[in-house]
Amino acid sequence: MIHIRSASLLDSERIREIHLSAFPAAEREAVAALAVNLLAEQTIPETLAFVAAADAEVVGHIAFSPVSCSGTDKFPGYLLAPLAVQPRFQKQRIGARLVEAGLRHLAGLDVALVFVYGDPQYYGRFGFETGVASEYVPPYPLQYAFGWQAKRLTDVNTLHAAGKLTCVSSLRNPRLW
Ligand SMILES: CC(C)(COP(=O)(O)OP(=O)(O)OC[C@H]1O[C@@H](n2cnc3c(N)ncnc32)[C@H](O)[C@@H]1OP(=O)(O)O)[C@@H](O)C(=O)NCCC(=O)NCCS
């Protein structure tokens with residue numbers, strides 16, 4: 001039975017292991033460090049993380065951190081990153097449940113937009129679209145521009161806040177983009 005709950009610093013080591021096991025060798029160290037570092041981010045609005053627990057064992061993790069428009073205090077929304085499920089537990093909708101739980105939580109906070117940099121084949125199923133993201137320039141040049149997507153959670157018109165985005169300090173590493 002899978003249960004989704006908020007992550008805490010006590011989950012750090014397990015979260016690190018999940019990302020190390022799920023991501024390819026070239027990315028795993030940087031993504032695992034990001035996942036752990038985000039747990040300690042002190043931001044307003046707050047950086048969020050959720051884990052999926054199968055009985056007592058944590059088997060999946062997702063984080064959402066706020067992005068702002070560079071040079072302003074405008075806050076268009078959150079960035080989803082990173083997401084991973086322990087390989088042995090993949091293809092059981094645990095990833096989907098983490099994404100859906102996070103989006104529900106953010107919608108409850110009246111967050112307007114959620115950005116993601118990832119495979120459109122995966123994130124498209126949750127309603128992420130490249131068109132919605134195109135008004136916003138990611139914080140760093142992207143290796144795969146087609147992966148830059150966003151999902152609108154409210155009808156609030158946020159276009160006045162379009163422009164280049166600034167991310168939280170854990171994500172200020174060009175190798176992650
Ligand atoms: C992506 C990931 C989190 C999905 O977790 P999961 O619990 O297996 O997800 P779900 O069970 O909800 O969905 C599984 C589906 O996603 C597909 N999928 C997984 N990774 C995908 C990718 N990169 N691109 C497209 N589809 C992908 C699977 O093939 C499967 O397809 P199916 O439903 O047609 O069988 C997991 O595969 C993972 O940890 N991958 C390594 C880390 C990673 O790539 N994270 C995302 C970075 S953007």
Side-chain angles (χ1 to χ4, degrees), residues 1-7 11-39 41 47-67 77-107 113-134 136-153 165 167-168 170-177:
M1 169 93 158
I2 299 292
H3 165 69
I4 310 289
R5 63 164 170 81
S6 288
D11 299 308
S12 299
E13 193 43 41
R14 188 64 198 122
I15 288 172
R16 202 180 109 76
E17 287 168 4
I18 290 169
H19 288 276
L20 288 177
S21 69
F23 274 89
E27 301 168 58
R28 63 174 57 127
E29 288 291 347
V31 180
L34 168 66
V36 170
N37 292 341
L38 283 172
L39 289 170
E41 281 279 359
T47 295
L48 303 165
F50 301 92
V51 290
D55 299 321
E57 188 186 6
V58 171
V59 299
H61 164 260
I62 193 168
F64 298 87
S65 55
V67 285
Y78 274 80
L79 176 77
L80 183 175
L83 163 67
V85 172
Q86 180 85 30
R88 188 160 56 90
F89 288 85
Q90 289 177 4
K91 298 206 174 203
Q92 299 173 40
R93 288 203 88 252
I94 296 173
R97 286 189 52 191
L98 283 163
V99 173
E100 287 161 3
L103 294 179
R104 242 188 342 265
H105 186 95
L106 293 173
L113 281 171
V114 182
F115 297 87
V116 73
Y117 175 43
D119 194 324
Q121 275 194 23
Y122 187 69
Y123 290 104
R125 63 182 73 186
F126 306 104
F128 285 89
E129 297 173 71
T130 51
V132 177
S134 63
Y136 298 86
V137 180
Y140 292 91
L142 300 178
Q143 218 173 335
Y144 306 104
F146 61 84
W148 181 236
Q149 303 149 76
K151 178 179 165 76
R152 196 173 288 285
L153 297 183
L165 298 177
C167 54
V168 300
S170 307
L171 278 153
R172 288 183 203 147
N173 172 0
R175 286 180 48 228
L176 292 167
W177 296 87

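Quick note: numbers below take in every heavy atom, side chains included, and nothing from hydrogens, waters or symmetry partners. In each ligand, atom 1 is the first atom listed, and ligand 1 is the first ligand listed.
Nearest heavy-atom pair, Leu39 versus Ser12, reported as atom, atom and distance to 0.1 Å: CD1-OG, 3.5 Å.
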Quick one, Tyr117 with Leu171, criterion side chain to side chain contact (heavy atoms under 4.5 Å, CB included). Give me CA distance, side-chain angles, the key distance, then yes/no. CA-CA 12 Å; Tyr117 175 43; Leu171 278 153; over 6 Å; no
Side chain to side chain contact (heavy atoms under 4.5 Å, CB included), that's the test. Do Met1 and His3 meet it? Break it down for me. CA-CA 7 Å; Met1 169 93 158; His3 165 69; 5.7 Å; no
Before you tell me yes or no, could you show the steps for Glu13 and Val58 under side chain to side chain contact (heavy atoms under 4.5 Å, CB included), namely the whole-Å CA-CA distance, both residues' side-chain angles and the distance that decides it to 0.1 Å? CA-CA 10 Å; Glu13 193 43 41; Val58 171; over 6 Å; no
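Near Ile94, meaning under 4.0 Å from one of its heavy atoms, ligand 1 places the atoms 7 (O). Every atom of ligand 1 with a heavy atom of Ala22 under 4.0 Å away is listed here by number and element: 39 (O), 41 (C). Close approach of ligand 1 to Lys91 is summarised as follows: ligand atoms under 4.0 Å from at least one heavy atom of the residue are 6 (P), 7 (O), 8 (O), 11 (O), 28 (C), 29 (O). The contact set between ligand 1 and Ala84, taken as ligand atoms under 4.0 Å from a residue heavy atom, comprises 39 (O). Atoms of ligand 1 found under 4.0 Å from any heavy atom of Gly118 (numbered from 1 in listed order, with element): 48 (S). Remark: ligand 1 atoms within the under-4.0 Å shell around heavy atoms of Asp119 are 22 (C), 23 (N), 24 (N), 25 (C). Counting the atoms of ligand 1 from 1 in the order shown, those under 4.0 Å from a heavy atom of Gln90 are 8 (O), 36 (C), 37 (O), 38 (C), 39 (O), 40 (N).
For ligand 1, one of its N or O atoms has an N or O atom of Val85 under 3.5 Å away. Note: no N/O pair closer than 3.5 Å links Tyr123 and ligand 1 by distance alone. Geometrically, ligand 1 and Ala96 share a nitrogen or oxygen pair separated by less than 3.5 Å.
Looking only at heavy atoms of the protein, atom 11 (O) of ligand 1 is closest to Arg93 N, 2.7 Å. Among protein heavy atoms, atom 44 (O) of ligand 1 sits closest to Phe23 CE2, 4.1 Å. Nearest to atom 3 (C) of ligand 1 among the protein's heavy atoms is Leu83 CG, 3.6 Å. Ranking the protein heavy atoms by distance from atom 7 (O) of ligand 1 puts Gly95 N, 2.8 Å first.
Of the options Trp148, Tyr78, Phe64, Phe128, a ring pair (Phe, Tyr, Trp, His ring centres under 6.0 Å) to Phe115 is made by Trp148 and by none of the others. Residue Gln86 forms a side-chain hydrogen bond (donor to acceptor under 3.5 Å, both in side chains) with just one option from His61, Arg14, Glu17, Glu57, and that option is Arg14.
Nearest-residue assignment for atom 4 (C) of ligand 1 (options Tyr122, Phe89, Phe126; heavy-atom criterion): Tyr122.
Residues Arg175 and Glu29 are not paired through a salt bridge, judged by the lack of any N-O separation under 4.0 Å between the basic side chain and the carboxylate. Salt bridge status for Glu129 with Arg152: absent, with no side-chain N to carboxylate O gap under 4.0 Å.
Protein non-hydrogen atoms do reach within 4.0 Å of atom 25 (C) of ligand 1.
At a 4.0 Å cut-off, at least one heavy atom of Arg125 sits close enough to ligand 1 to count as contact.
Between Tyr144 and Phe146, the ring planes lie tilted relative to each other; the angle falls in the 30° to 60° range.
When atom types are taken as modelled, the side chain of Arg16 and the backbone of Ala32 share no donor-acceptor pair closer than 3.5 angstrom. Within the 3.5 Å criterion, the main-chain N or O of Tyr123 finds no donor-acceptor partner in the side chain of Gln149.
Looking at Gln92 against ligand 1, only its backbone comes within 4.0 Å, counting heavy atoms.
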